[in-house]
Peer 1: 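The structure's right below; bear with me while I get my questions together.
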Amino acid sequence: MNRLMSGRSILVVEDEMLVMMMIQMMLEELGCDSILAAASIDAALTCVAQKNFDIAMLDMNLGGYDSHQVADALDANHVPYLFCTGNVSEDRRVKVSEHLVLKKPFQFNALATALYTLLGELDAALPTS
């Protein structure tokens, strides 16, 4: 599983610098080739509009604002994603119930398992030749 992300690109939307650095280190250990970071809704929307990603990780709360606009943009571009949150209460938003949610703080194995699940869904959706 240490090369799980080999050849993959990921957009990580996270506004806490230390959390972002931790995620980047974990993704590098998983073999991720391309990691693009966005710390605000505007930066994330720009990234989604400019680049096609394999998958994305999306913090639910960016600087006090709900990240649903970014989720909508990812959906419109057919980019699979998971949510990350430090919020311990159950979120009842529709998008959250339709996607994987990784509770912060998380360990390496939890991230690897979530990405493995997300990539499995992505690979299952690809047409076979």
Peer 1: Do any pairs count as a side-chain hydrogen bond (donor to acceptor under 3.5 Å, both in side chains) and have a residue in residues 13-22, sequence neighbours left out, and if so which ones?
Peer 2: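 Counting only pairs at least two positions apart or across chains, the side-chain hydrogen bond (donor to acceptor under 3.5 Å, both in side chains) contacts touching residues 13-22 are E14-K104.
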Peer 1: For residues C84 and M57, report the shortest heavy-atom separation together with the two atoms involved.
Peer 2: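 Scanning both residues, the minimum pair turns out to be SG-CE, 3.4 Å.
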Peer 1: Please report the interatomic distance CD(Q24) to CD(E29), rounded to the nearest 0.5 Å.
Peer 2: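 Reported value, rounded in 0.5 Å steps: 14.0 Å.
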Peer 1: Would you mind reporting whether L30 and F108 have side-chain heavy atoms less than 4.5 Å apart?
Peer 2: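 A side-chain contact exists here, since the closest heavy-atom pair is under 4.5 Å.
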Peer 1: Show the numbers, then the answer: is there a side-chain contact (heavy atoms from CB on, under 4.5 Å) between T85 and V101?
Peer 2: CA-CA 7 Å; T85 183; V101 177; 3.7 Å; yes
Peer 1: Give me the atom names and distance for the closest heavy-atom approach of A56 to V79.
Peer 2: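 Smallest heavy-atom distance, with atoms named: N-CG1, 4.2 Å.
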Peer 1: Of all the heavy-atom pairs spanning L82 and A114, show the shortest one and how long it is.
Peer 2: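 Minimum heavy-atom separation between L82 and A114: CD2-CB, 3.9 Å.
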Peer 1: If two hydrophobic side chains count as joined below 4.5 Å and joins carry through other members, does L111 share a cluster with M25?
Peer 2: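 Not linked; separate clusters.
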Peer 1: Can you find a pair of side-chain heavy atoms, one from L119 and one from I55, that are under 4.5 Å apart?
Peer 2: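 Yes, at least one pair of side-chain atoms sits under 4.5 Å.
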Peer 1: Could you tell me the separation between the CG atom of L74 and the CG atom of L11, rounded to the nearest 0.5 Å?
Peer 2: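 These two atoms lie 6.5 Å from each other.
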Peer 1: How are the rings of F83 and H99 set to each other: parallel, tilted or perpendicular (split at 30° and 60°)?
Peer 2: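 Rings of F83 and H99: perpendicular, over 60°.
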Peer 1: With sequence neighbours left out, write down each residue that passes side chain to side chain donor-acceptor pair (under 3.5 Å) with T46, or none if nothing qualifies.
Peer 2: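 Scan of T46 (side chain to side chain donor-acceptor pair (under 3.5 Å), adjacent residues dropped) gives none.
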Peer 1: For a quick test of reading the model, state the closest non-hydrogen atom pair linking L102 to A110 and the distance between them.
Peer 2: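 Here L102 and A110 meet closest at CD1-O, 3.8 Å.
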Peer 1: Treating D54 as the side-chain partner and I10 as the backbone partner, does any N or O pair qualify as donor plus acceptor under 3.5 Å?
Peer 2: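 Such a contact is absent between D54 side chain and I10 backbone.
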Peer 1: Under 3.5 Å, side chain of N61 to main-chain N/O of G64, donor-acceptor pair present?
Peer 2: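 Checking the backbone N and O of G64 against the side chain of N61, a donor-acceptor pair under 3.5 Å is found.
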Peer 1: Give, for atom CD of Q107 and atom OG1 of T113, the distance between the pair rounded to the nearest 0.5 Å.
Peer 2: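 One finds 11.5 Å between CD of Q107 and OG1 of T113.
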Peer 1: Please give me the minimum heavy-atom distance between F53 and C47, naming the atom from each residue.
Peer 2: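 What the structure gives for the nearest pair is CE1-O, 3.5 Å.
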Peer 1: Side-chain contact test, heavy atoms from C-beta onward, threshold under 4.5 Å: evaluate it for V12 versus I35 and give yes or no.
Peer 2: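 SC-SC contact between V12 and I35 confirmed.
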Peer 1: If hydrophobic clusters are built from ILVMFWY residues whose side chains come within less than 4.5 Å, do M21 and V19 share one?
Peer 2: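 No, M21 and V19 fall in different hydrophobic clusters.
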Peer 1: Atom OG in S9, atom CG in L36: separation rounded to 0.5 Å?
Peer 2: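 The distance works out to 9.0 Å.
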Peer 1: Looking only at heavy atoms, what is the nearest atom pair of I41 and S67, with distance?
Peer 2: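 That would be CD1-CA, 4.4 Å.
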Peer 1: Out of curiosity, M26 CE to E28 CD, how far, rounded to the nearest 0.5 Å?
Peer 2: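 These two atoms lie 12.0 Å from each other.
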Peer 1: If we only count heavy atoms from C-beta on, is the L115 to L27 side-chain gap below 4.5 Å?
Peer 2: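 Counting from C-beta outward, L115 and L27 do come under 4.5 Å.
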Peer 1: According to a 4.5 Å side-chain heavy-atom criterion applied to Ile, Leu, Val, Met, Phe, Trp and Tyr, with indirect links allowed, do Y65 and Y81 form part of one hydrophobic cluster?
Peer 2: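 Linked, Y65 and Y81 end up in one cluster.
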